[in-house]
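The next block holds one structure in the form of structure tokens; read it before the comments.
So that the names make sense, note that chain A is the first sequence line, chain B the second, and so on, each numbered from 1.
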Protein chains: 2
Amino acid sequence: MARAKTAKPYHHGELREALVSAGRKLLEEKGVRGFTLRECARRASVSHAAPAHHFASIDDLLAEIATRGYHELTAAMSAEARRSGSDPAARLVGQGVGYMAFAAANPVLFQLMFSREANRFEAPALAEAAKSAYHLHREAVEAVIPQASGEVKERMVDFAWAAVHGFITLVLEGQLGERDSSRALKARGLAALSAMVEAVVRAGGEP
Amino acid sequence: MARAKTAKPYHHGELREALVSAGRKLLEEKGVRGFTLRECARRASVSHAAPAHHFASIDDLLAEIATRGYHELTAAMSAEARRSGSDPAARLVGQGVGYMAFAAANPVLFQLMFSREANRFEAPALAEAAKSAYHLHREAVEAVIPQASGEVKERMVDFAWAAVHGFITLVLEGQLGERDSSRALKARGLAALSAMVEAVVRAGGEP
DNA sequence: CTTCTAATCTTTACACTGCCAAGTCTCGGC
DNA sequence: GCCGAGACTTGGCAGTGTAAAGATTAGAAG
């Protein structure tokens, strides 16, 4: 029988993408505990069992969302680093700015990415995506202290990441006093980044 | 009618405590998403609706668990600081050790305490408990750099906490390479703490 | 163009969840 | 002894994840 043009087709066509996109919004709105497969399906205008053909389980969808988050995070970091010129220290600060901007724009996703919930469903693609972000950071730190020993470099890579990541985590959760986390990041983020880079330079320059 | 001694009494007696205790274990076992009110009730050998008389909702129970987590965290920090003697720098390192030990022993709870999920609870007692941990830390940092300006102190309080917190978060999630997070914390935790204190002392000593 | 297969989506079903309402039991004060 | 107030249970409802089976369609094979 002929179907009216406005009727929705039986096959969605890009359901996988639609689910990831809807899921991401839902995640930011309701948090990890409020995240629901059926609601994702609803927002994609599809039956509640449709997602099963694209994701084995709800954790599978969350893993995919987290993986894309890492890709976006990596992109944000390297884009901001590129904008910061060629000075290694400036580039490291730039990467940090990109890191913060992503976290501020996707706070719940950011926490999911760095939570046990994410790594639990062992997804190789997720681990891979996380690793590439790590390597980007490692190179940026090592470029700032090229003359330092391997041991010191190792420590400074950890230290720099920890300082930035910890700062963001605490701000996002409102632990550092400020109510508006986005404003707080802008206001104090650069100071935190500067302190971090300064500490790295000092530790790396004087053995 | 007379009841055998072995039969369980109709009134539990300490159900609230039992639920908190069971819930805490369940949380570490299954994660935030696997946490279930009915399973808590089951583990306390009680009907599924019993918890309602002690906690208004599942978030209420989670908030209570998180609140106690903060109390324990504060206790662990100050106990370890006390063990570290009177030198401010040593005490600050000690507090960090206590912080790390708590996080390593209760990784899921730790993440819950510092997650956006916890902010949705809107529990005054939770906020209060978090604040007291913050003040403990603030005092320890300020004691290391008593001559610094208020502005610098402020920044270093944030910086020190961020560095420690970030380090733990990354280790717990396995981002820093190591598989065994407990081992990684012991192996590299002290180095991270030393780097942090050193940076604070330098920034506070030279205006 | 027809046919057939595989992929996509829907319907139905089941065990589970949080929470609400209405009962049952037991303790503590009168 | 009684009786009210809590503490707890049973039963029920809407919502969840996911498994099974049927409906629909796209796209290849003929």
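Between B/R68 and B/E64 there is a salt bridge, with a side-chain nitrogen of the basic residue lying less than 4.0 Å from a carboxylate oxygen of the acidic one.
Between the side chains of B/H165 and B/Y99, at least one donor-acceptor pair of N or O atoms lies under 3.5 Å.
A/A49 comes within 4.0 angstrom of a nucleotide base, judged by non-hydrogen atoms across all strands. The residue A/A52 sits apart from the nucleic acid: no heavy atom pair falls under 4.0 Å.
For the pair B/R38 CZ and D/dT16 P, the interatomic distance rounds to 15 Å; values are reported in whole Å. Straight-line distance from the CZ atom of A/R33 to the P atom of D/dT16: 14 Å, rounded to whole Å. When the P atom of C/dC27 is taken as reference, atom CD of B/E14 falls 15 Å away, rounded to whole Å. Between the NE2 atom of A/H53 and the P atom of C/dT10 there is a distance of 9 Å, given to the nearest Å. Rounded to whole angstrom, the span from the CZ atom of B/F55 across to the P atom of C/dT17 amounts to 18 Å. The NZ-P distance, from B/K30 to D/dG17, rounds to 17 Å in whole Å. Here the P atom of nucleotide C/dT17 and the CZ atom of B/F35 are 12 Å apart, to the nearest Å. One interatomic measurement links the two molecules: CG of B/L26 to C1' of C/dC16, which rounds to 14 Å at whole-angstrom precision.
In terms of heavy atoms, A/E28 sits closest to A/P107 at OE1-CD, 3.3 Å.
Using a 4.0 Å cut-off, some side-chain N or O of B/R42 falls inside it from OP1 or OP2 of C/dT17. A sub-4.0 Å separation between OP1 or OP2 of C/dT12 and a side-chain N or O of A/H48 is absent.
Considering only side-chain atoms of B/A50, the nucleotide from C/dG18, D/dC8, D/dT18 that sits closest is D/dC8.
Between B/V171 and A/D158, every side-chain heavy-atom pair lies at or beyond the 4.5 Å cut-off.
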